[in-house]
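What's counted below: heavy atoms across the whole structure, side chains too, no hydrogens, waters or symmetry copies. Letters A, B, ... mirror the listed sequences (proteins, then strands); counts begin at 1.
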2 protein chains.
Amino acid sequence: MLAPDRLSSTFQALADPTRRAILARLSQGEASVTELAAPFSMSMPAISKHLKVLERASLISRGKEAQWRPCKLEAAPLEAASDWVEQYRAMWEARFDRLDAYLKEVQEKEVKPTTRKRNAKGKR
Amino acid sequence: MLAPDRLSSTFQALADPTRRAILARLSQGEASVTELAAPFSMSMPAISKHLKVLERASLISRGKEAQWRPCKLEAAPLEAASDWVEQYRAMWEARFDRLDAYLKEVQEKEVKPTTRKRNAKGKR
DNA sequence: TTTGTATTTAACCGTTTGGTTATATACATT
DNA sequence: AATGTATATAACCAAACGGTTAAATACAAA
C-alpha cells in the first residue's frame, strides 16, 4: 500500500481479479459495499480493504448516503495506464515492422539457407 | 509470484517502476542482464528477480548466447491488458455520454441550475 | 588449468498483501 | 432508548514482495 508512483498503484490495484470484478460491476453504475460484496465468497472486511486499495489508487470514489457508502468508478487513472501500455505496444509493433522489412530485404539478397536460428545481433 | 490468472500477473508485473523501465529499455531492442541492470543502483540478483517476474508474466523471453542471457520484449500480454483497460474506459465514457444526454434532457425540462462543471473527455 | 565474466540460486530479512474473526461506529427504525 | 443494518477498524496470520550478501554455476580466454 506504500504507493510509489501513480502508475504503479494503478497497475497494482488492477492486479487482482476481485478488484477488477468490482470495477467491472461499477462500470455499470454506482453500488453500495454490500452490493459489491454479494458475488464473492469473502468477508465484508476483505471487500472493504479491496475498496480502499481502489480508492487510494483513485480508481473509485465514495459517497455518503445514510449508512451507505456508494462507490463509483473514476476512470481517469485508467487513461494513464492505457497510455503507458499503448506506448510500448506501439514500439513493439514498430520493431516487428522493422523486422519484417529486414527479412524481406534479406530474402531478396540472399539464397535462402537451411533453417537458421536467428542470431541476436547488435551486442557489444 | 503466485500467478492466479494471466491478466493479474501481467498487471502485477507492470506495477513496479523498475520493471516498467526494463520493458522501456527492451522496447528499443534486446539487451543482456548487465546492460539492463546498469541504470539501476540495485544488486544483480535483484534485477534477476525482476526479470524472472517479467518472464513468468510472458512479457519477456530469454535467449542463450555464451554466458549471456539476452532478454527481449514479448508484448502479447500487453495486448490483453490494454484490451481490458480500454474496455472499461469505454464503458466509463459511455456512462458519461449517457450522463450528458440525461443532463441535456433535464436542461430542456427544467430551469438551468447553477453552472455545472464538464468533465475532461476530449483527450481522445 | 586457472582466471575472469555473466548470471543464477540460496538464505535471509523487513514490509506489504490478502485474508480472517471480533469489535466498533454510524445511521434508521421501532 | 433499543434494535437492526451498513460499514469500518483492530488485531492477527501466512504468504508474497523486493531487496540484501554470499556462494554456485556456466562459459570464454589465457
Can you check the [X] [atom1] to [N] [atom2] distance for me, whole Å?
X	N	atom1	atom2	answer
B:Ile60	C:dT7	CD1	C1'	13 Å
B:Leu36	C:dT8	CG	C1'	15 Å
B:Ile47	D:dG18	CD1	C1'	11 Å
A:Met44	C:dG18	CE	P	18 Å
A:Lys49	D:dA11	NZ	P	12 Å
B:Glu65	C:dT7	CD	P	11 Å
A:Leu54	C:dG18	CG	P	10 Å
B:Arg62	C:dA6	CZ	P	15 Å

| task | Just jot down the side chain to side chain donor-acceptor pair (under 3.5 Å) partners of A:Ser58, sequence neighbours excluded, or say none. | result |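 Result, side chain to side chain donor-acceptor pair (under 3.5 Å) vs A:Ser58: none returned.
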Flag side-chain contact, heavy atom, 4.5 Å: B:Leu59 against B:Glu74: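 B:Leu59 does not reach B:Glu74 side chain to side chain.
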Subject >> Validation row: B:Arg62, B:Pro70 side chains within 4.5 angstrom (heavy atoms) >> reply: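 Sidechains of B:Pro70 and B:Arg62: no contact.
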Does any donor atom in the side chain of A:Glu55 or A:Ser61 lie under 3.5 Å from an acceptor atom in the other side chain?
->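 Absent: no donor and acceptor within the cut-off.
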Practice item. May I ask you to verify if any side-chain N or O of A:Arg56 is less than 4.0 angstrom from the OP1 or OP2 atom of C:dT16? Key: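 A:Arg56 to C:dT16 OP1/OP2: no side-chain N or O under 4.0 Å.
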Exercise. Quick one: CG on A:Leu54 to OG on A:Ser9, what's the gap to the nearest 0.5 Å?
Worked result: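 Reported to 0.5 Å precision, the distance equals 11.0 Å.
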Could you give the side-chain donor-acceptor pairs of residues 35-44 of chain A under 3.5 Å, partners two or more places apart or in another chain?
unit_1, atom_1, unit_2, atom_2, d
A:Glu35, OE1, A:Ser32, N, 2.8
A:Ser43, OG, A:Ala46, N, 3.4

If you only use heavy atoms from C-beta on, which nucleotide in [options] is closest to the side chain of [X]?
X	options	value
B:Lys52	C:dT9, D:dT20, C:dG18	C:dT9
B:Thr34	D:dA11, D:dT9, C:dA6	C:dA6
B:Val33	C:dG18, C:dT7, C:dC12	C:dT7
A:Ala46	C:dT8, C:dG19, D:dT20	C:dG19

Under 3.5 Å, side-chain donor or acceptor atoms of residues 13-23 of chain B against the rest of the protein: list the pairs with distances, not counting sequence neighbours.
unit_1, atom_1, unit_2, atom_2, d
B:Asp16, OD1, B:Thr18, N, 2.8
B:Asp16, OD1, B:Arg19, N, 3.1
B:Arg19, NE, B:Ala13, O, 2.8
B:Arg19, NH1, B:His50, ND1, 3.2
B:Arg19, NH2, B:Gln12, O, 3.1
B:Arg20, NH1, A:Ser8, OG, 3.0
B:Arg20, NH1, B:Leu14, O, 2.8
B:Arg20, NH2, A:Asp5, OD2, 2.7
B:Arg20, NH2, A:Ser8, OG, 3.1

I need the residues from residues 15-23 of chain B with at least one non-hydrogen atom less than 4.0 Å from DNA chain D; give them sorted by number, or say none.
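Listed by number, they are B:Asp16, B:Arg19.
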Whether each nucleotide of nucleotides 22-30 of chain C has a protein heavy atom under 4.0 Å at its base (B), only at its sugar-phosphate (S) or at neither (-) is summarised, 5' to 3', as B----SS--
Problem - Along DNA chain C (nearest heavy atom to each residue), the more 5'-positioned of A:Ser43 and B:Leu51 - result: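 Its nearest nucleotide lies further toward 5', so the answer is B:Leu51.
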Counting distance only, does the side-chain N/O of B:Ser48 pair as donor-acceptor with the main-chain N or O of B:Pro45 below 3.5 Å?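 Judged by distance alone, no pair lies under 3.5 Å.
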Problem set entry | Pairs flagged by ring pair (Phe, Tyr, Trp, His ring centres under 6.0 Å) wherever residues 60-84 of chain A is involved - sequence neighbours left out |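 Sorted result for residues 60-84 of chain A: A:Trp84-A:Tyr88.
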